[in-house]
Amino acid sequence: MDEPATGPGASPSRGGAARPSRPTLAAVARAAGVAPSTASLAFSGLGPVSEDAKARVLAAAADLGYGGPDPRARSLRRGRSGVIGVVMDERLSDAFRDPVNVLTLDGIAEVAGAAGASLLLVRSPLDDEQGAGPLVDAPMDAVVLVGCNVRIDPAVAVLRRRQIPVVAIEADEIEGAVPVQLDNRDASRRAAEYLQGLGHRDVTVVTLPLDAARRRGPIDAARQDEGIAFTTLERLRGVREVYPNAVAIETAGSSVEEGRLAGTELFAADGPRPTAVIAQSDLIAVGVISAALDAGLRVPEDVSVVGFDGITVDDSLLHRTPIRHLTTLVQPFVQKGQAAARAALAMLEGAEPQPASFTSELRVGDTTGPPPDTRTHRH
């Protein structure tokens with residue numbers, strides 16, 4: 001059995017004993033009888049190395065337990081971590097229940113991975129958090145803000161202090177950040193115009209959260225003025241360009257359960273009922289449909305429902321109806337993520353990053369139709 005390493009080449013371990021230091025590329029080169037540059041090329045595959053030399057290098061590496069260049073040392077030489085941070089405003093466990101976030105992250109990972117960059121997922125800090133958590137010291141070369149960020153300001157303040165480049169997906173204008181936008185307002189207006197063309201007059205909007213408070217209930221003028229969530233506000237403004245007096249109900253998040261809770265209140269037997277609902281996400285739309293069915297209403301004969309996103313809706317969620325396809329606004333999630341990653345990588349290379357803007361497409365399914373003949377919505 002080998003004796004423990006001692007001296008300059010060893011590192012102290014707990015209890016005062018010594019443990020072998022990490023093998024170096026230089027040691028591998030010496031053992032293989034080649035120059036360090038040749039050993040480096042044998043590992044990277046980026047230059048001409050004979051098969052014999054490569055075989056000797058790999059054999060020496062195996063003998064020494066050398067697994068490759070130390071990424072920490074490489075990062076120090078390059079002055080970079082090789083990491084792109086992805087900041088979300090929800091707990092990650094909640095964020096990944098929404099397919100929109102997952103698909104957007106797929107796009108970011110596809111481009112970043114092809115460039116050799118890694119991703120670090122970080123939650124945006126709360127307004128009253130001290131230190132802002134990982135944003136203060138996490139090793140990141142650039143950051144992508146994802147989704148309907150309702151706590152953007154605290155995150156951006158930290159990143160500016162660190163002079164980290166920022167790409168913002170679907171956010172209000174942020175000085176110095178590269179925007180990747182979606183036509184939230186125009187798309188919502190098109191959905192409202194579509195319902196208007198079918199003859200609907202009484203339309204209700206079921207929204208995403210307006211701010212970090214994530215309240216539930218009707219949105220009056222004062223509540224709307226308090227709102228800071230860019231995507232939520234833009235989608236609401238689009239509908240109200242067609243239906244200025246449309247009732248709006250806020251949810252605490254994008255989920256089927258939140259849509260069901262809002263729909264239960266909306267379709268209460270003793271209250272007026274709209275002939276159409278525009279939900280700000282497909283998950284919310286599915287919940288609204290579930291509540292309508294529980295209230296004894298038919299979709300779309302009694303009430304039409306429009307979603308937003310274009311995700312794949314599990315058939316089991318709509319098993320009680322002949323409905324198979326939501327009427328929805330289909331957005332290009334993956335392409336948004338790809339554009340954000342390309343912009344982040346361009347800034348790291350000193351190139352001019354390209355802002356991007358994407359358009360949603362209205363896809364008519366079987367959850368919308370003309371309003372019922374009767375104009376009395378009290379049952």
Distance only, no hydrogens: is a donor on one side chain within 3.5 Å (strictly under) of an acceptor on the other, for T328 and D282? yes
Keeping the roles fixed (side chain from [X], backbone from [Y]), state whether a donor-acceptor pair exists under 3.5 Å.
X    : Y    : answer
R240 : A246 : yes
E258 : A252 : yes
Q280 : L208 : yes
D211 : G227 : no
R189 : G238 : no
R273 : F267 : yes
T327 : V364 : no

What's the spacing between [X] [atom1] and [Y] [atom2] if we round to 0.5 Å?
X    : Y    : atom1 : atom2 : value
R363 : L329 : CZ    : CG    : 10.0 Å
E51  : R56  : CD    : CZ    : 12.0 Å
I278 : I284 : CD1   : CD1   : 13.0 Å
Q331 : S281 : CD    : OG    : 10.5 Å
T104 : M88  : OG1   : CE    : 7.5 Å
I289 : L297 : CD1   : CG    : 12.0 Å

Any chain of hydrophobic side-chain contacts (each under 4.5 Å) joining [X] to [Y]?
X    : Y    : answer
V286 : V100 : yes
L261 : I219 : no
L326 : V330 : no

Taking the side chain as C-beta and beyond, is there a heavy-atom pair between [X] and [Y] under 4.5 Å?
X    : Y    : result
L145 : I169 : no
I249 : T207 : no
V277 : V306 : no
T275 : R201 : no
V203 : P274 : no
R185 : R235 : no
V86  : L120 : no
P99  : D309 : no

Quick one: which of V167, V334, V146 gives a side chain to side chain contact (heavy atoms under 4.5 Å, CB included) with I108? V146
Would you name the heavy atoms of [X] and [Y] that are closest together and state the gap between them?
X    : Y    : result
V303 : A292 : CG1-CB, 4.0 Å
L195 : S304 : CD2-CB, 4.3 Å
L182 : P332 : CD1-CD, 4.0 Å
V305 : T367 : O-OG1, 2.6 Å
Q181 : F230 : OE1-CE2, 3.9 Å
P300 : G369 : CB-N, 3.7 Å

Heavy-atom count check: over 12 atoms from other residues, nucleotides or ligands less than 6.0 Å from Q196 CD? yes
Scan residues 242-252 for pairs that pass side chain to side chain donor-acceptor pair (under 3.5 Å), counting only residues two or more places apart or in two chains. R223-E250
Could you check whether [X] pairs with [Y] (Lys NZ or Arg NE/NH1/NH2 to Asp/Glu carboxylate O, under 4.0 Å)?
X    : Y    : result
E226 : R215 : yes
R237 : E241 : no
R190 : D186 : no
E170 : K336 : yes

Could I get the full list of side-chain contact (heavy atoms from CB on, under 4.5 Å) partners for P353, not counting sequence neighbours? V178, A343, A346, M347
Report the C-alpha distance between E110 and Q338 in whole Å, list the side-chain angles of each, state the deciding distance to 0.1 Å, and finish with yes or no for side chain to side chain contact (heavy atoms under 4.5 Å, CB included). CA-CA 7 Å; E110 180 182 327; Q338 291 170 334; 3.2 Å; yes
Show your working on side chain to side chain contact (heavy atoms under 4.5 Å, CB included) between L345 and I84 and close with a plain yes or no. CA-CA 9 Å; L345 292 169; I84 294 176; 4.0 Å; yes
